[in-house]
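Down below is the structure, laid out as structure tokens.
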Amino acid sequence: MSSGDLVFGAIEDGKLRVFKRPSMEIILDVSNAHASVKDLDFRFSVIDSLNSMSAFDSHCGNLSTILMLLTVDFGNVMQPDGKFLVSLGSGGSGRVWDVTSSKPVASLSKEHDEVFGFCKFSRSERNPVLYITAMRGQGGSIVKWDTSSWKRASTKHVVRDPVCAFNASADGMLLAVGTIQGDVLIITSANMHVQNVVRKAHLGLVTALMFSQDSRALVSASLDSSARVTMIKDAKRNGLSLWIIVLVILLAIAGYYVKTKGILH
């Protein structure tokens, strides 16, 4: 398929369709993808620039209404056989679709009592992984999947409250989680370490998260009609400052020990 815009549509009754723009030609049409579609995301393997991405959510109460619409502009260069779409449904496993062949290529199985919530491919070619949020009895976790074998690579528990919003930064270095308590968490994707937590960032549950293009800020929106911009701290800089402080303290202790013991006299 030549490069261009694709539109992904999911219906509340489980139908999944992929359209090519501007002709609106249907290139993937699955009537029973899931009992009910909860989330979608698209993977590209080779691309020069991601020009634009937008999401539209509509909740009208009718089972035949569009639940979500995702539009992606692929730029000028794209590998034709590298297009994958992941879909999550209520109560079941996730599924991976090859948009080129219009066929499912993998099923992403749950473990124990997991309930999948949101999915997001890494936007960085250097870290081609898929992230899926999962709820269990102890809270929210992030599951990392290998996009070559479509096997589970790791699972990390990150928060006690249910996750209601999720996103990844453009460089693939950071993940963001929003909870029903209005908290916002920023997570380092490499080690799944919680880098920053904003307690009660909103009075209501978090409905949307979006990183700035340079990954220095995170915009969050809430059911309470509020929006917030959170500046992201430089983890490397903070880590270096901490080591400098520790070094100064150790040198001070050593100096005090030398002085009191009279070693230099």
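Model, not experiment: these values are computed from the prediction. Excluded from the calculations below are hydrogen atoms, water molecules and symmetry mates; all remaining heavy atoms, backbone and side chain alike, are included.
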Under 3.5 Å, sequence neighbours excluded: what are the donor-acceptor pairs made by side chains of residues 154-164?
{"unit_1": "T155", "atom_1": "OG1", "unit_2": "R152", "atom_2": "NH1", "d": "3.2"}
{"unit_1": "H157", "atom_1": "NE2", "unit_2": "Q138", "atom_2": "O", "d": "3.0"}
{"unit_1": "H157", "atom_1": "NE2", "unit_2": "V159", "atom_2": "O", "d": "3.1"}

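Every residue two or more places apart in sequence or in another chain that forms a salt bridge (Lys or Arg N to Asp or Glu O under 4.0 Å) with D113 is listed here: R136.
Atom NE2 of H193 is separated from atom CD1 of I187 by 10.0 Å, given to the nearest 0.5 angstrom. Remark: L185 CG to L174 CG distance equals 12.5 Å, nearest 0.5 Å. Taking OG from S169 and CE from M210, the interatomic distance works out to 11.5 Å, rounded to the nearest 0.5 Å. Taking OG from S109 and CZ from F116, the interatomic distance works out to 7.5 Å, rounded to the nearest 0.5 Å. Residue I232 holds its CD1 atom at 5.0 Å from CZ of F211, rounded to the nearest 0.5 Å. Atoms CE and CZ, from M24 and R17 in turn, are 10.5 Å apart once rounded to the nearest 0.5 Å.
Proximity of a side-chain donor or acceptor of S222 to a complementary backbone N or O of S226 within less than 3.5 Å is not detected.
Residues S220 and H202 meet the side-chain proximity criterion, which asks for heavy atoms closer than 4.5 Å. In this structure, D98 and F84 have side chains that are in contact, with non-hydrogen atoms separated by less than 4.5 Å. Within the 4.5 Å cutoff, side-chain heavy atoms of V229 are placed close to those of M231. Residues N196 and L218 form no side-chain contact, since every pair of their non-hydrogen atoms from C-beta on lies 4.5 Å or further apart. Contact annotation: the side chain of V198 approaches that of R228 to within less than 4.5 Å [non-hydrogen atoms, C-beta and beyond]. In this structure, E114 and V143 have side chains that are in contact, with non-hydrogen atoms separated by less than 4.5 Å. Here the side chains of T133 and D39 are not in contact, with every heavy-atom distance at 4.5 Å or above. For the pair L28 and W97, the minimum side-chain heavy-atom distance is below 4.5 Å.
Criterion: ILVMFWY side-chain heavy atoms under 4.5 Å apart, direct or through other members. Under it, L88 and V115 are not part of a common hydrophobic cluster. There is a path of hydrophobic side-chain contacts, each under 4.5 Å, that joins W150 to V86.
With F166 as the partner, the side-chain contact (heavy atoms from CB on, under 4.5 Å) test is satisfied by one option alone out of I142, L209, D41, V206: I142.
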